[in-house]
Structures are given as structure tokens and as C-alpha cells.
Amino acid sequence: MFIVVNGNKNSKEVIELMNWLKARNLSIQINEGTQKTVLGLIGDTSAVDIDSIASFKVVDTVKRIQEPYKKANRKFHPDDTVVDVGGKKIGGGNFQIIAGPCSVESEEQICMVAQSVAKSGAGLIRGGAFKPRTSPYAFQGLFGKGVDLLKEAREKSGLPIVTEIMSDEDIHLFEDVDLIQVGARNMQNFSLLKELGKLDKPVLIKRGLANTIEELLMSAEYVLAGGNDKVILCERGIRTFETSTRNTLDISAIPVIKKLSHLPVVVDPSHASGKADLVEPLALAAIAAGADGLMIEVHNDPIHALSDGAQSLTCEEFAALMPKLTALKSFMNTLK
């Protein structure tokens, strides 16, 4: 990080700033010009708030020359992280498909879908017990009962379960959940991320609708900084000016994230498109771009689904898609 200040190194304001920086265990390299002075900071600047530095009136410019995320950074962790979710590995060449309905609606529904996607080759079953909805009048989920039904589905299908948490107050309900999902709307729920950092349990963080890749990595940093290194990232589409799809799938985010970070990246083509007929091409594109996994919504009766039926594949459609995904993944492996 470097700071451009107005004035010379001997001015009262600059000395005050340098003392403030030194109190944070940073060394300072001074380059003095005729009108401005550049302070180069040496040390761990990840915990230094740029806005706090900018609040000094003597400061003209503050810029980072190193990413603010340390633990998520590939520079400090060159090998891919592999996350084990109930015996299913994701990352480091291990590819998994997470499938299931948007919402857990009943025991019959979730168990039937779980057994079906397991038979088709999915590695994990997903289902929302808590549902963040735009409208307060829409179906909000079955809450704790939904988590219990997911556990029943796990027993019948043999698949690890994935479900979304919305509040740190509900963590006790997720003690037996294999992979805790942080949804797009909660990507920057920092109190929740801090609590998840205290767990010894895999966490999947979805990118927010209008968040940058760096912001996604900083959210992961919250969990990692707490001591939990079992973090998976998910690209699920971002909001753009395009209205033909629910969101716009940022395919470029996959190679960008994998260059910047060692964490696994999965892609959710269902939420990205909002349309069932676009799930297949987007899923194939994600595999070609290097994704470590996919999250696909599957429902036994999409027309009557209580949430997001338009983007859900039927069990039969998912079964027909799986061989294509497997074939492309196998081909991509030959290119390495």
C-alpha cells in the first residue's frame, strides 16, 4: 500500500499519520518530492482500513498494491484447496454436482428428488429450509422442519445435504448439515460470516447480485480469518441491464477467481438464468471454463413448485443432462 500526502515528512500532520501507521506495526518507506511525499507501507496491510487513512486531512491518495485478502489469496496458498463435504470432495480436480429443489416442501417431495438425483449421479442434495424471498407474502420455507426433512432425504439417498442459513441465531439448527450455504443476499452479512468462521464445517458462499469478485473473496476472508478453512465460492449470476434472463452469468468469474484464489468455485446456472431451458448450455459453459462443480435446481413437479419452478429441471431432464456434463468434464480433464 502507498499513501500520497501533501507536504514534507517533517510536517506535523505527516508525522502524526506516520505515528498512527507505526502503531499498527507497519514500516514506512519515504519518498519525498517537491510538493508531495509518498509513504510506502511495508508489512501486513490487510487489516488496515483505507477509509481510516483517507480521513487524515494531509492524505491525498491511498492505494493498495496488494490484495486485501490474505488467507483466500493464491499467492499465499498456491495449491488448490480441497473441501470434503460428507465424503464428497470439491476442488483440486474433484468435481461435484449439487442438485435438488429450491425449497423443501414436503417429506415426499424432498426424498423423491434426492433419490432421483442420486440415481442420476449427483454428489449432493440441496434444498432450502429457510427461503429469503423478495415478497414477504411468498413461501418462506419450513425452517427447522425443513432441515429435519433434508436429514431424512440424506438417509434415503446417501447424499450429503446443502441448505441455506439466513441468521447466526439459527446456527444450532445446522449442526448436522453437511454444507452450509450463504445466499447472495447474505454474502455481506458479516456477523453471520464471523460465526461461520468459528465452525469446523464446510461453507458455500454465493456471490451477491451486485458484488465484485474482490468483495466475494473478502467475504470468504471473514470465514477463513475465523479459523474455518472449508470454504467454497459460488458464482450465481449478477444483476446487469439485461432483462432476457433473471441474472447474467459471469463465466469470466471462474478463471478470474481461480487465478486469484485457491478456493473451489461452483456455478449455479439455475439462478443465473431463471429459465430451465438455459440451464444446460450454461452448465456446459461453466465446466468448460473450469468450474469445480455445479448447483442445479431439480423439482419433481416444477409447475407446482412453491418457489422458482421456472428455473427448475424435472428429474427426467436432469437425468438426461448428467451424461452430457460427465462427458464434457472427462474431455476437459484430457486437456490438462
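Using a cut-off of 4.0 Å between Lys/Arg side-chain N and Asp/Glu carboxylate O, E175 and K201 are scored as not salt-bridged. Classification of K230 and D200 as a salt-bridged pair holds, one side-chain N sitting under 4.0 Å from a carboxylate O. The pair E164-K206 does not count as a salt bridge, with every side-chain nitrogen at least 4.0 angstrom from each carboxylate oxygen. Ion pairing between K194 and D168 fails under the 4.0 Å rule for side-chain N and carboxylate O. Taking the charged nitrogens against the carboxylate oxygens, D308 and K131 have no contact shorter than 4.0 Å, which rules out a salt bridge. Salt-bridge formation is not detected for the pair K88/D178: no Lys NZ or Arg NE/NH1/NH2 atom is positioned less than 4.0 Å from an Asp or Glu carboxylate oxygen. Taking a cutoff of 4.0 Å between a charged side-chain nitrogen and a carboxylate oxygen, E107 and K156 qualify as a salt bridge.
Side-chain contact between L17 and L39: present, with at least one pair of heavy atoms (C-beta onward) separated by less than 4.5 Å. Residues F95 and I287 have side chains in contact (heavy-atom distance under 4.5 Å, counting atoms from C-beta outward).
Side-chain atoms of E242 and S244 include a donor-acceptor pair closer than 3.5 Å. Side-chain contact of S191 with N189: a donor-acceptor pair under 3.5 Å is present, judged by distance alone.
The shortest non-hydrogen separation linking D79 to H262 is O-CB, 3.3 Å. A pairwise comparison of heavy atoms in V83 and P264 identifies CG2-CG, 4.0 Å as the closest pair.
Residue I232 is tested with L263, I205, I98, L179 for a side-chain contact (heavy atoms from CB on, under 4.5 Å); the sole match is L179.
In this pair, F130 and F143 present their aromatic rings perpendicular. The plane angle is above 60°, beyond the 30 to 60° band.
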